[in-house]
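Reading through the structure tokens given below for one structure.
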There are 2 protein chains.
Amino acid sequence: MTIKEIAKLANVSLGTVDRVLHKRGKVSKETEKKVLDIIEKGNYKPNIYARGLVLNRSYKIAALVPNYNNGEYWEMPSKGIKMAEKNLSQFGINLSILYFDQNSVSSFTEKAEELLKLKPDGVILAPVINFEAVKLTKKLDEAKIPFSLIDSNIPNSNALSFIGQDAFQSGKLAAKLLCSEINSKGTISIISIKNNENHNKTLQQRIEGFKDYIYNSNFIANITLIEHNIHLGTANWEENLTQACAPTNNTVGIFVPSSMIHHVAKCIESNFDTMSTIKLVGNDLIANNVKYLKKGIINYLIGQRPENQGYLALESFYKYLVLEKQVPQKKYLPLDIITQENLMYYNDDVVSS
Amino acid sequence: MTIKEIAKLANVSLGTVDRVLHKRGKVSKETEKKVLDIIEKGNYKPNIYARGLVLNRSYKIAALVPNYNNGEYWEMPSKGIKMAEKNLSQFGINLSILYFDQNSVSSFTEKAEELLKLKPDGVILAPVINFEAVKLTKKLDEAKIPFSLIDSNIPNSNALSFIGQDAFQSGKLAAKLLCSEINSKGTISIISIKNNENHNKTLQQRIEGFKDYIYNSNFIANITLIEHNIHLGTANWEENLTQACAPTNNTVGIFVPSSMIHHVAKCIESNFDTMSTIKLVGNDLIANNVKYLKKGIINYLIGQRPENQGYLALESFYKYLVLEKQVPQKKYLPLDIITQENLMYYNDDVVSS
DNA sequence: TAGTTTTGTGTGTACGTACACATTTTTTTA
DNA sequence: TAAAAAAATGTGTACGTACACACAAAACTA
């Protein structure tokens with residue numbers, strides 16, 4: 001059914017139907033009702049090709065995400081966003097990615113300024129510097145620019161959508177996996193490895209989930225839980241890490257709530273004679289982690305489909321702006337359990353081009 | 001860049017550019033080269049809206065999959081296919097699903113006939129009745145109708161694409177998970193539960209993978225491996241199943257290579273006092289299995305994203321026919337490890353509308 | 001009641017592509 | 001060398017929608 005057919009059935013012109021469809025007014029209530037009835041009955045849906053052709057709109061989406069070196073976590077969301085752009089550029093979705101330094105608030109505000117100057121039709125934001133991100137969302141609200149959040153959420157923002165993970169549950173899962181590997185009494189270390197001083201909500205939630213599981217399991221009788229903090233790059237951090245891993249008090253398992261467990265794995269590899277029985281569970285399928293998973297030093301990794309997060313974030317703008325569909329307000333991606341035996345089929349697990 | 005622009009640059013008419021683009025001939029080699037050069041340099045890409053509008057093509061895709069009752073495995077691929085249709089119908093993808101009875105060859109051939117009569121532009125086929133499916137693919141080849149395979153592959157067919165899982169690896173993974181749960185000596189039972197007599201390649205490969213892992217692990221010293229076959233609906237099948245589960249010889253774990261592990265779980269629930277310590281690993285997130293996973297009777301389920309399989313199968317035809325893109329010839333979906341702690345975020349794990 | 005505004009309605013063009021058909025140029029034939 | 005055939009090129013229309021503009025009818029104003 002086309003506008004032409006509707007017009008014929010209603011005995012009006014194309015223009016009148018058009019005005020009804022777009023609520024441009026200037027139509028008598030009588031004819032409006034007549035036309036609407038026909039539209040309803042005929043289940044009219046606009047031809048998206050014709051519409052796309054005539055509108056020839058293109059939408060500028062700006063993404064603001066942390067910068068990264070090769071093989072680091074934030075490479076993956078960026079990869080997903082770029083892959084989505086490849087598929088969606090032909091539908092008028094144009095992308096600009098801006099990268100900020102996670103360790104520098106000024107870098108973030110600078111890039112945020114730049115982003116606002118672009119006057120984008122939509123924004124993808126990774127609010128890892130929470131406080132500053134909130135400020136930006138306020139400005140976006142004022143400018144009436146819709147935005148999506150990836151990785152972590154800002155609870156009371158009116159984001160178009162949030163795409164991320166349930167960090168608390170991720171921690172619980174990590175605990176469960178670690179416990180399944182442990183058969184004897186001993187100490188479990190939670191080692192927070194970070195490269196900056198920022199408070200990271202995701203890490204905190206994972207740790208809470210981890211503890212929640214342990215304290216509520218009947219494992220707790222056999223387990224001593226210790227927490228360590230390691231700051232990459234500080235003096236003696238490597239020694240401190242070794243110290244944290246060392247089985248002085250009979251360490252049986254280690255959990256790292258960030259993507260940095262490869263540092264622990266490396267440490268264990270270097271002290272393999274004394275530490276080989278320690279079980280490791282960590283997060284994220286970055287190259288370094290995968291390496292140690294393959295070697296059997298890391299036992300499980302928990303994946304949160306970061307590429308998918310990026311892909312879906314851009315795609316949701318396509319659905320919202322181009323197709324004018326509703327998009328889900330919140331999307332938790334599955335927490336994938338990765339081990340040697342199922343690793344191979346997760347490596348290219350993005351919506352492919 | 002549009003055809004018009006190309007024409008202007010090449011000092012020819014739109015028609016000539018069109019002939020070059022579509023290789024309709026009747027163009028001198030000179031002008032052809034000139035036009036091609038400009039196309040190359042300008043990185044011309046046809047406007048898919050204009051093209052879609054003028055072609056106004058619609059493609060009929062027929063899917064031939066097993067029928068199902070609510071909550072059975074084959075509901076999920078069908079669900080995925082239908083969801084894809086919902087998203088893609090506006091791009092001219094029309095779907096007809098034909099259901100056959102897995103236990104009846106004649107049902108399959110009948111529906112295959114029906115399918116050929118539809119003269120579809122593409123076919124999605126679940127070759128669970130392998131021999132008959134091969135015959136159908138031959139006919140499709142003759143009729144030059146492209147087809148995609150889901151669930152299991154037909155190795156030397158020239159399918160447009162195969163979308164499924166690595167069953168052998170799935171079995172290995174199951175074994176790994178089961179072993180991680182077992183701390184003592186004992187017997188592991190592999191119970192094949194089927195509702196028909198058909199030879200099922202997937203089940204066989206899973207079993208092989210399972211054994212492969214066990215035999216090559218250092219667990220084998222502590223483990224006795226037994227295989228059972230249960231045919232649903234035959235006389236005494238429930239007793240036979242209980243027998244297969246019963247810890248007469250100290251059963252510590254059970255693996256079911258089909259989606260039918262809920263029958264085992266039910267059996268164990270009924271004999272909870274004697275069987276509660278048996279660990280269970282099975283396949284597929286069907287409702288009944290999920291129920292027992294939640295109860296903690298099933299320890300792990302391995303998922304193969306059946307909805308995604310269906311979704312991707314139809315989407316690949318969209319990409320191939322509408323967008324005229326290449327599609328990957330083979331796509332193994334990840335083997336998801338599902339346990340109580342990460343179940344919740346797998347339930348709506350389909351590409352959403 | 002003529003003129004003006006308001007309200008309602010119809011017409012025409014553009015978007016970029018595909019394809020049928022018309023026209024021009026070149027080559028071949030008698 | 002003129003006529004016919006073949007090759008090369010150009011023109012025009014349609015697809016369905018959005019929107020600017022033109023026009024007509026009704027409702028005001030003076």
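Proteins come first, then strands; the chains are lettered A, B, ... in the order of their sequence lines, and each starts at number 1. Values below: all heavy atoms of this structure, side chains included; hydrogens, waters and symmetry mates excluded.
- Going from atom CZ of A:Phe91 over to atom P of C:dC15 covers 21 Å, rounded to whole Å.
- Residues passing the side chain to side chain contact (heavy atoms under 4.5 Å, CB included) test with A:Ala63, sequence neighbours excluded: A:Ile81, A:Leu95, A:Ile97, A:Ile124.
- Rounded to whole Å, the distance from OH on A:Tyr49 to P on C:dA14 is 25 Å.
- If you take CG of A:Asn56 and C1' of C:dA14, they are 11 Å apart, rounded to a whole angstrom.
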Margin query: At under 4.0 Å between heavy atoms, how does the protein contact nucleotides 17-26 of chain C? Give one character per nucleotide, 5' to 3', with B, S or -.
Written below: BBB-------
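- Sorted by first and then second residue, the side-chain hydrogen bond (donor to acceptor under 3.5 Å, both in side chains) pairs involving residues 29-39 of chain B (not counting sequence neighbours) are B:Ser28-B:Thr31, B:Lys33-B:Asp37.
- Scored by the salt bridge (Lys or Arg N to Asp or Glu O under 4.0 Å) test, A:Glu132 finds A:Lys135 as partners (sequence neighbours excluded).
- The local environment of OH in B:Tyr320 is sparse, with at most 12 non-hydrogen atoms from other residues, nucleotides or ligands closer than 6.0 Å.
- Computed from C1' positions of five pairs at each end, the angle between the two local axes of the helix from C:dT1-D:dA30 to C:dA30-D:dT1 equals 60°, rounded to 10 degrees.
- Applying the side-chain hydrogen bond (donor to acceptor under 3.5 Å, both in side chains) criterion to A:Tyr59, with sequence neighbours excluded, gives A:Arg57.
- Of the side-chain N and O atoms in B:Thr16, none sit less than 4.0 angstrom from OP1 or OP2 of D:dT9.
- Atom P of nucleotide D:dT9 and atom NZ of B:Lys8 are separated by 20 Å, given to the nearest angstrom.
- Look at CD on A:Glu30: it is 12 Å from P on D:dA26, rounded to the nearest Å.
- Atom CG in A:Asn11 sits about 19 Å away from atom P in C:dG8, given to the nearest Å.
- For the salt bridge (charged side-chain N to carboxylate O under 4.0 Å, His left out) with B:Asp18, the qualifying choice from B:Lys26, B:Arg24, B:Arg51 is B:Arg24, the only one to do so.
- Every residue meeting the side chain to side chain contact (heavy atoms under 4.5 Å, CB included) condition with A:Ser316, not counting sequence neighbours, appears here in chain and number order: A:Ser148, A:Ser161, A:Val327.
- The nearest whole Å value for the distance from the CD atom in B:Glu5 to the P atom in C:dC15 is 11 Å.
- Legend: ring pair (Phe, Tyr, Trp, His ring centres under 6.0 Å) pairs involving residues 72-97 of chain B, not counting sequence neighbours, sorted by first then second residue: B:Phe91-B:Tyr318.
- Looking at residues two or more places apart in sequence or on another chain, you find no salt bridge (Lys or Arg N to Asp or Glu O under 4.0 Å) involving B:Glu110.
- For B:Thr31, no side-chain nitrogen or oxygen approaches OP1 or OP2 of D:dA8 to under 4.0 Å.
- The distance from atom CD of B:Gln90 to atom P of D:dC15 is 21 Å, rounded to the nearest whole Å.
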